[in-house]
Amino acid sequence: MAWVTTGFWCSSNVKMPMLSSMSSPRISCRSIPMPPLNARDPFLPKLVSVANSKNPETPSHFDLFGNPKITANTDQVESSVSVMYSEHTQRQHSPDLQSFLLRKRIVYIGMPLAPAATELVIARLFYLQWMDPNQPIYLYINSSGMARDEDVMVALEHESFAIYDTMMQLTNEIQTVAVGSVIGQGCLLLAAGKKGRRFMFPHARVMIRPPHGTLPGTRPTSDIRIGTDGAFKIRDTLVKLLAKHTGSSKQTLTSVMREPFYMTCTRARDFGIIDKILWHGQEELMKKM
């Protein structure tokens, strides 16, 4: 079977031979995946030298079958490859808003504490500790807790306890800020911030409520009894932790938790949920944050 030189042209201007007995459609080179770069490949120094050349007469290809003599050391090749990869990554993947917030060490909770949200919050907290275990972390909270605004439960209380335990394990100082509405288990996260560094916007609101206990649904009576016992244990845990961070007595918290207990910013400060109110015009206080 004879080979002929009729073929197709790639972007590298290398003519590829094809079998005359085969009729193949025109292939786009862009559809061919690029193999991973190996910094120790002996051909890479040639590629780097050609790419860095300023001579207009330099051809747009180089001889792959010539003498593969390395013209640069491995460190130079790895450095050049790293620069090219970094530029490619910046062009292809521009950072989103959450990435910009992380650069300022801000973690924003703007949704109910569903499992997906809890996973992201915990991952960001650990990431910021890994970046710098000494710098503070700013936790902005605007969450309806374990349920949506229409009081439809979306998660169990253990999701908020997971975030709380993570906050207690970190070596960083965590400053909390209430934005909008902080309801239910979100109050625990707000109160768990560093004493003296728990803030609230003037028109935000917080609300302490009894725990939901278990997700709704049709269950046997024995399961309902077990779920009720679990709800009481969750309530006792929530009361104990809120008493620890707010300074209020367990009796007071148990009494106000019998039904939804709304608080304005001044009432939340008096109750011990926050320490300071970020009134309008307090630019100096905001800068210190």
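Sequential numbering from 1 along the given sequence is applied to the chain's residues.
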On a heavy-atom basis, the closest approach of Pro112 and Ala117 is O-CB, 3.7 Å
Close side-chain approach of Arg105 to Leu128, heavy-atom, < 4.5 Å: yes
What distance do Ile163 atom CD1 and Glu119 atom CD have between them, rounded to the nearest 0.5 Å? 11.5 Å
Mind checking what makes side-chain hydrogen bond (donor to acceptor under 3.5 Å, both in side chains) contact with Ser160, not counting sequence neighbours? Gln185
Residues passing the side-chain contact (heavy atoms from CB on, under 4.5 Å) test with Lys233, sequence neighbours excluded, are none
side-chain contact (heavy atoms from CB on, under 4.5 Å) partner of Leu253, the single match among Val239, Leu238, Leu241: Val239
Got a sec, which pairs hit side-chain hydrogen bond (donor to acceptor under 3.5 Å, both in side chains) with one end in residues 253-264, sequence neighbours left out? Thr264-Thr266
Report yes if the side chains of Met257 and Arg235 come closer than 4.5 Å at any heavy-atom pair, otherwise no. yes
Of Val121, Asn142, Thr176, Val179, which is the lone residue that meets side-chain contact (heavy atoms from CB on, under 4.5 Å) with Ile109? Val121
Looking at every heavy atom in both Met200 and Cys265, which two are closest together, and how far apart are they? SD-CA, 3.6 Å
Would the number of heavy atoms belonging to other residues, nucleotides or ligands and lying under 6.0 Å from CE of Met111 be above 12? no
Would you say the side-chain atoms of Ser143 pair up with the backbone N or O of Gly110, donor to acceptor, closer than 3.5 Å? no
Do Leu190 and Val206 come close enough that some side-chain heavy atom pair is under 4.5 Å? yes
Glu173 atom CD, over 12 foreign heavy atoms within 6.0 Å: yes
Could you give me the CA-CA distance, side-chain angles and deciding distance for Phe201 and Val177, then say whether side chain to side chain contact (heavy atoms under 4.5 Å, CB included) is met? CA-CA 7 Å; Phe201 283 172; Val177 184; 4.0 Å; yes
Indicate yes or no: at least one non-hydrogen side-chain atom of Arg269 is less than 4.5 angstrom from one of Lys276. no
Counting C-beta onward and ignoring hydrogens, is there a side-chain heavy-atom pair between Ile183 and Arg209 closer than 4.5 Å? yes
Quick one, Lys194 with Ile174, criterion side chain to side chain contact (heavy atoms under 4.5 Å, CB included). Give me CA distance, side-chain angles, the key distance, then yes/no. CA-CA 6 Å; Lys194 175 71 174 179; Ile174 299 182; 5.9 Å; no
Look at the side chain of Thr166 and the backbone N and O of Ala162, then say whether any donor-acceptor pair between them is shorter than 3.5 Å. yes
Should Val182 and Met207 count as side-chain neighbours, where that means a heavy-atom distance under 4.5 Å? no
Taken in chain and number order and not counting sequence neighbours, the residues that satisfy ring pair (Phe, Tyr, Trp, His ring centres under 6.0 Å) with Phe261 are Phe271
Could you label the plane-to-plane angle of the His158 and Phe161 rings as parallel, tilted or perpendicular, counting under 30° as parallel and over 60° as perpendicular? perpendicular
Heavy atoms, side chains only, cut-off 4.5 Å: are Val107 and Leu101 in contact? no
Is the shortest heavy-atom distance from the side chain of Leu113 to the side chain of Leu189 under 4.5 Å? yes
Taking only residues two or more places apart in sequence or in another chain, which ones pass side-chain hydrogen bond (donor to acceptor under 3.5 Å, both in side chains) with Ser181? Arg205
Would you say Arg198's side chain and Ala191's backbone share a donor-acceptor pair under 3.5 angstrom? yes
Ring pair (Phe, Tyr, Trp, His ring centres under 6.0 Å) against Tyr164, all qualifying residues, sequence neighbours excluded: His245
Taking it one step at a time, do Met167 and Leu139 satisfy side chain to side chain contact (heavy atoms under 4.5 Å, CB included)? CA-CA 10 Å; Met167 294 171 62; Leu139 184 63; 4.0 Å; yes
When you look at Phe126 and Leu170, which way does the side chain to side chain contact (heavy atoms under 4.5 Å, CB included) test go after all the steps? CA-CA 8 Å; Phe126 279 128; Leu170 297 181; 3.9 Å; yes
Check: Asn172 side chain, Pro136 main-chain N or O, donor-acceptor pair, under 3.5 Å: no
